[in-house]
Amino acid sequence: MLTHSLEPFPAEISQSESQLVYYRDSAVLLSPYHVLEQVTYIKMPSNRIESFTRVDPTTRAGSEVKYGTYSNQMPNSYLPVLVHYENNRPFAVVEELVRKVEISHWGNIQITEQYKLKHGGARHKGVFSRLEYQSRPSISGASSFKNLLARLPPRVHSVYYRDEIGNISSSHLRTDSHKSDLEIEPRYPLFGGWHCTFTIGYGLPLQDFVFESVDGRRYINLTFGCPLLDTVVDDLTVKVVLPEGSKNPEHVVPFVTEKHLETSYSYLDVVGRTTVVLKKKNVVGEHNVPFQVYYEFNPIFMLAEPLMLISAVLLFFVAFIAYLHMDLSIRKSS
């Protein structure tokens with residue numbers, strides 16, 4: 001999987017222009033071994049190919065360019081090629097994503113995802129015309145995108161989608177027994193170089209994702225990566241907020257990540273909650289694999305918040321009764 005490998009050319013386009021990009025590669029596989037025979041196919045998303053490097057033998061058929069067959073290639077052989085073609089697919093780049101997973105042993109997992117999204121294609125030049133965009137949708141703004149699809153776990157509830165202004169109503173949720181698809185639409189279509197920020201939040205049933213291991217520890221099993229399809233994440237942070245009183249957290253991720261611990265505070269917390277912070281750069285769809293966070297938890301800590309609430313109510317009634325029996329009136333001395 002290659003990320004940020006397409007270069008828009010020209011670097012700026014108007015609203016009515018299509019997006020052209022450069023793709024650079026090698027006509028032969030860069031290999032440390034002697035290759036007896038090899039063929040390379042480069043398939044474009046459209047038939048509009050402005051130009052491509054010819055390294056004999058080279059043939060083109062529609063949207064596909066064939067390099068080879070090449071025989072007896074020496075180790076570390078490299079034949080640079082450049083293809084200039086039309087690509088109006090969404091260049092959705094998540095510059096920063098912070099996923100916060102809060103575990104409550106009272107039966108719920110709350111997930112909050114904060115996105116900083118941009119269109120990574122050719123920058124938009126000129127003035128944006130909403131009238132032209134709506135009247136000629138197939139021509140005007142062909143390289144822009146106005147909706148994204150988030151693949152969420154099944155049995156989600158309390159789903160919301162909002163930005164700094166407030167709730168965004170242009171979203172649709174479809175659920176079944178295997179997945180939940182959330183289609184979101186920003187407040188405005190995104191052209192090259194444009195940015196937007198938004199937040200997606202939802203709840204999950206505890207029993208579907210938190211289990212007990214054979215050694216008595218609890219662990220949460222979730223999916224790493226970004227729920228948005230067809231995107232690349234430059235900087236991903238996953239924060240797993242464990243219940244108050246949890247000890248000795250241990251994460252299991254099938255690839256290298258940066259990891260550190262911090263303390264988070266929520267309502268009625270006394271000592272704070274241990275938070276496992278995992279960071280990774282350059283995240284793609286292939287990173288959407290299960291990962292686990294193990295921790296030790298004593299169920300007695302589940303009584304901490306109810307006892308605090310009961311104590312607060314009792315103190316309130318004691319203070320109220322004491323107030324009723326106090327005489328604070330001022331009298332003249334006899």
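Note that these values count all heavy atoms, side chains included, but never hydrogens, waters or copies made by symmetry. Here the structure is a predicted model, which means the values were calculated and not measured.
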Would you please indicate if the ring centroids of Tyr188 and Phe128 are separated by under 6.0 Å?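 Centroid separation for Tyr188 and Phe128: 6.0 Å or greater.
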Check whether the ring centres of His84 and Phe9 lie less than 6.0 Å apart, and answer yes or no.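 Yes, the ring centres sit under 6.0 Å apart.
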Under the criterion side-chain hydrogen bond (donor to acceptor under 3.5 Å, both in side chains), I'd like the reasoning laid out for Tyr78 against Asn76: C-alpha separation, chi angles, the key distance, then a yes or no. CA-CA 6 Å; Tyr78 185 77; Asn76 301 318; over 6 Å; no
Intermediate values then yes/no, side-chain hydrogen bond (donor to acceptor under 3.5 Å, both in side chains), Gln19 and Asn87: CA-CA 6 Å; Gln19 180 174 256; Asn87 189 342; 5.2 Å; no
Group every Ile, Leu, Val, Met, Phe, Trp and Tyr by side-chain heavy-atom contacts under 4.5 Å, then state whether Tyr23 and Val93 land in the same group.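 No; Val93 is not reachable from Tyr23 via cluster members.
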Between Ile168 and Val94, is there a shared hydrophobic cluster once you connect ILVMFWY residues whose side-chain heavy atoms come closer than 4.5 Å?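 Ile168 clusters together with Val94.
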For a quick test of reading the model, state the closest non-hydrogen atom pair linking [X] to [Y] and the distance between them.
X	Y	value
Ala27	Tyr70	O-CE1, 3.9 Å
Pro8	Gly121	CG-C, 3.8 Å
Val156	Ser180	CG2-OG, 3.6 Å
Thr275	Ser264	OG1-OG, 2.7 Å

Ignoring hydrogens and geometry beyond distance, is a side-chain donor-acceptor pair present between [X] and [Y] at under 3.5 Å?
X	Y	result
Asn221	Gln292	yes
Thr274	Ser246	no
Asn282	His4	no
His157	Asn108	yes
Glu132	Ser135	no
Thr197	Glu164	yes

Are [X] and [Y] side-chain neighbours, meaning at least one heavy-atom pair lies under 4.5 Å?
X	Y	result
Thr112	Thr199	yes
Thr257	Phe224	yes
Trp194	Lys118	no
Val241	Val101	no
Val65	Met44	yes
Pro80	Arg24	no

Check the pair Glu183 / Ser171 against side-chain hydrogen bond (donor to acceptor under 3.5 Å, both in side chains), numbers first and verdict last. CA-CA 5 Å; Glu183 184 178 356; Ser171 62; over 6 Å; no
Applying salt bridge (Lys or Arg N to Asp or Glu O under 4.0 Å) to Arg151 and Asp181, what does each step give before you reach the verdict? CA-CA 5 Å; Arg151 182 65 50 82; Asp181 288 339; 2.4 Å; yes
Apply the salt bridge (charged side-chain N to carboxylate O under 4.0 Å, His left out) test between Glu262 and each candidate in Lys239, Lys100, Lys279; give the one that qualifies.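 Passing option: Lys239.
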Flag, side chain of [X] to backbone of [Y], donor-acceptor distance under 3.5 Å:
X	Y	result
Arg60	Gly62	yes
Glu17	Ser14	yes
His325	Ala322	no
Ser143	Ser18	no

List the steps and the verdict of side-chain contact (heavy atoms from CB on, under 4.5 Å) for Phe291 and Val238. CA-CA 11 Å; Phe291 80 104; Val238 178; 4.1 Å; yes
Summary of ring pair (Phe, Tyr, Trp, His ring centres under 6.0 Å) pairs that have at least one residue in residues 195-223, sequence neighbours excluded: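 For residues 195-223, and leaving out neighbouring residues, the ring pair (Phe, Tyr, Trp, His ring centres under 6.0 Å) pairs sorted by first residue read Tyr115-Phe198, Tyr161-Phe198, Phe211-Tyr219, Tyr219-Tyr294.
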Let's go through Leu6 and Tyr85 carefully: what are the C-alpha distance in whole Å and the side-chain angles of both, what is the deciding distance for side-chain contact (heavy atoms from CB on, under 4.5 Å) to 0.1 Å, and is it a yes or a no? CA-CA 10 Å; Leu6 299 180; Tyr85 67 97; 3.6 Å; yes
Can Glu37 and Thr69 be said to form a side-chain hydrogen bond (donor to acceptor under 3.5 Å, both in side chains), step by step? CA-CA 7 Å; Glu37 186 176 275; Thr69 302; 5.4 Å; no
Output, in order, the C-alpha distance, side-chain angles, deciding distance and verdict of side-chain contact (heavy atoms from CB on, under 4.5 Å) for Val35 and Val28. CA-CA 9 Å; Val35 180; Val28 296; over 6 Å; no
Under 4.0 Å between a Lys/Arg side-chain N and an Asp/Glu carboxylate O for Lys66 and Glu64?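 A salt bridge is absent here (no side-chain N lies under 4.0 Å from a carboxylate O).
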Glu113/Arg99 ion pair, N-O < 4.0 Å: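 Salt bridge present between Glu113 and Arg99.
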Does Lys125 form a salt bridge (Lys or Arg N to Asp or Glu O under 4.0 Å) with Glu12? I'd like the steps, not just the answer. CA-CA 6 Å; Lys125 67 178 180 180; Glu12 294 184 353; 5.6 Å; no
Pairwise distance CG(Leu149) to CD1(Ile184) - rounded to 0.5 angstrom: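 If I round to the nearest 0.5 Å, the distance is 9.0 Å.
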